[in-house]
Amino acid sequence: MRLWSLHPSLLDRAALVAGWREALLAQKVLAGGTRGYTRHPQLRRFQAHPAPLEAIGGFLTGLQEEATTRGYRFDLTRVLHPAPPASLPPIEVTAGQLAYELEHLRVKCERRSPEHLALLPAPGDPVPAHPLLRAVPGDVEDWEVR
């Protein structure tokens, strides 16, 4: 499961679509609809949120908004609690995590969509976070599997 902390505008088509699918799975897990994935490390930040289902709903809404901007049709009716990400308490993510994910995305784009590389921040530039997240100083998150 890869729930990108990066701003959805940074994601190439494949990452955006996969992120949508993975976040829908995360929503199902958080809603108690599965027996698997319940302890997946990427879910910790949503489980720690005061309103986990609303938080994943805001996360999905942020992805859907980017998809709509690009002309894709992500079905917002699949989101249990859609909400503008800015209307929810933010989830903190470290700058180190954002940098780590950006490099992970860069490697993926080199293989599958090299034309997308020019749209990514240069190494050392600030990396924007998903609208539900707020960047804070720090290293890669402890939940990240490296």
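Not measured: the values here are computed from a predicted model.
- For the residue pair R45 and S5, a side-chain donor N or O sits within less than 3.5 Å of a side-chain acceptor on the partner.
- Within the 4.5 Å cutoff, no side-chain heavy atoms of S9 are placed close to those of P128.
- Judged purely by atom type and a 3.5 angstrom limit, S87 has no side-chain atom pairing as donor or acceptor with the backbone of A83.
- Between H40 and Y37, the two ring planes are tilted [angle within 30° to 60°].
- No donor-acceptor pair closer than 3.5 Å links the side chain of T94 to the backbone N or O of P137.
- In this structure, the side chain of H49 engages the main chain of P89 through a donor-acceptor pair within 3.5 Å.
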* Stepwise side-chain contact (heavy atoms from CB on, under 4.5 Å) check, L119 with L10 -> CA-CA 7 Å; L119 303 175; L10 297 178; over 6 Å; no
* Chi angles and distances behind the salt bridge (Lys or Arg N to Asp or Glu O under 4.0 Å) call for E144, R44 -> CA-CA 10 Å; E144 180 63 63; R44 288 184 199 153; over 6 Å; no
Compile the donor-acceptor pairs under 3.5 Å between side chains in residues 27-34 and protein atoms, sequence neighbours left out, one pair per line.
residue	atom	partner	partner atom	Å
Q27	OE1	L80	N	2.8
Q27	NE2	R78	O	3.0
T34	OG1	G36	O	2.8

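- Between the side chains of E65 and T61, no donor-acceptor pair of N or O atoms lies under 3.5 Å.
- Remark: L24 CG to I56 CD1 distance equals 8.5 Å, nearest 0.5 Å.
- Once rounded to the nearest 0.5 Å, the distance linking CG of L88 with CD of E54 reads 7.5 Å.
- Remark: E103 engages R106 in a side-chain hydrogen bond (donor to acceptor under 3.5 Å, both in side chains) (not counting sequence neighbours).
- Contacts classified as side-chain hydrogen bond (donor to acceptor under 3.5 Å, both in side chains) and involving residues 114-134 (residues at least two apart or in different chains) are given here: E92-R134.
- A 6.0 Å sphere centred on CZ of R112 holds more than 12 heavy atoms belonging to other residues, nucleotides or ligands.
- Hydrophobic clustering of Ile, Leu, Val, Met, Phe, Trp and Tyr side chains at less than 4.5 Å, counting indirect connections, keeps V140 apart from V136.
- Across every non-hydrogen atom of E101 and W143, the tightest pair is OE2-CH2, 4.1 Å.
- P8 and R70 make their closest contact through O-NH2, 3.1 Å (heavy atoms, listed as atom of the first residue, atom of the second, distance).
- Residues P85 and P90 are not in side-chain contact: their nearest non-hydrogen atoms beyond the backbone lie 4.5 Å or more apart.
- Residues satisfying the salt bridge (charged side-chain N to carboxylate O under 4.0 Å, His left out) test with R21, not counting sequence neighbours, are none.
- Shown here are the ring pair (Phe, Tyr, Trp, His ring centres under 6.0 Å) partners of F74, two or more places apart in sequence or in another chain: W20.
- Contact between R2 and E22 at its shortest, heavy atoms only, is O-CB, 3.9 Å.
- Summarising the geometry, atom CG belonging to L120 is positioned 8.0 Å from atom CG belonging to D12; distances are rounded to the nearest 0.5 Å.
- One finds the NE2 atom of H7 at 10.0 Å from the CG atom of L63 (value rounded to the nearest 0.5 Å).
- Note: the hydrophobic cluster containing V17 also contains L105 (ILVMFWY, side chain heavy atoms under 4.5 Å, direct or indirect links).
- Considering CG of L133 and CG of L98, their distance stands at 7.5 Å, rounded to 0.5 Å.
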* Please test F46 against L3 for side-chain contact (heavy atoms from CB on, under 4.5 Å), starting from the C-alpha separation and ending with a verdict. => CA-CA 10 Å; F46 293 97; L3 299 173; 3.7 Å; yes
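- With sequence neighbours excluded, the residues satisfying side-chain contact (heavy atoms from CB on, under 4.5 Å) with T77 are D75.
- For the pair Q47 (side chain) and T38 (backbone), a donor-acceptor distance under 3.5 Å is present.
- Linking ILVMFWY side-chain heavy atoms closer than 4.5 Å, directly or via other members, places L117 and Y100 in two distinct hydrophobic clusters.
- Of all the heavy atoms in V93 and A129, the pair that sits closest is CG1-CB, 4.2 Å.
- In terms of heavy-atom proximity, G57 sits nearest to V79 at CA-CG1, 3.7 Å.
- With hydrophobic clusters built from ILVMFWY side chains whose heavy atoms lie under 4.5 angstrom apart, L60 shares a cluster with Y72.
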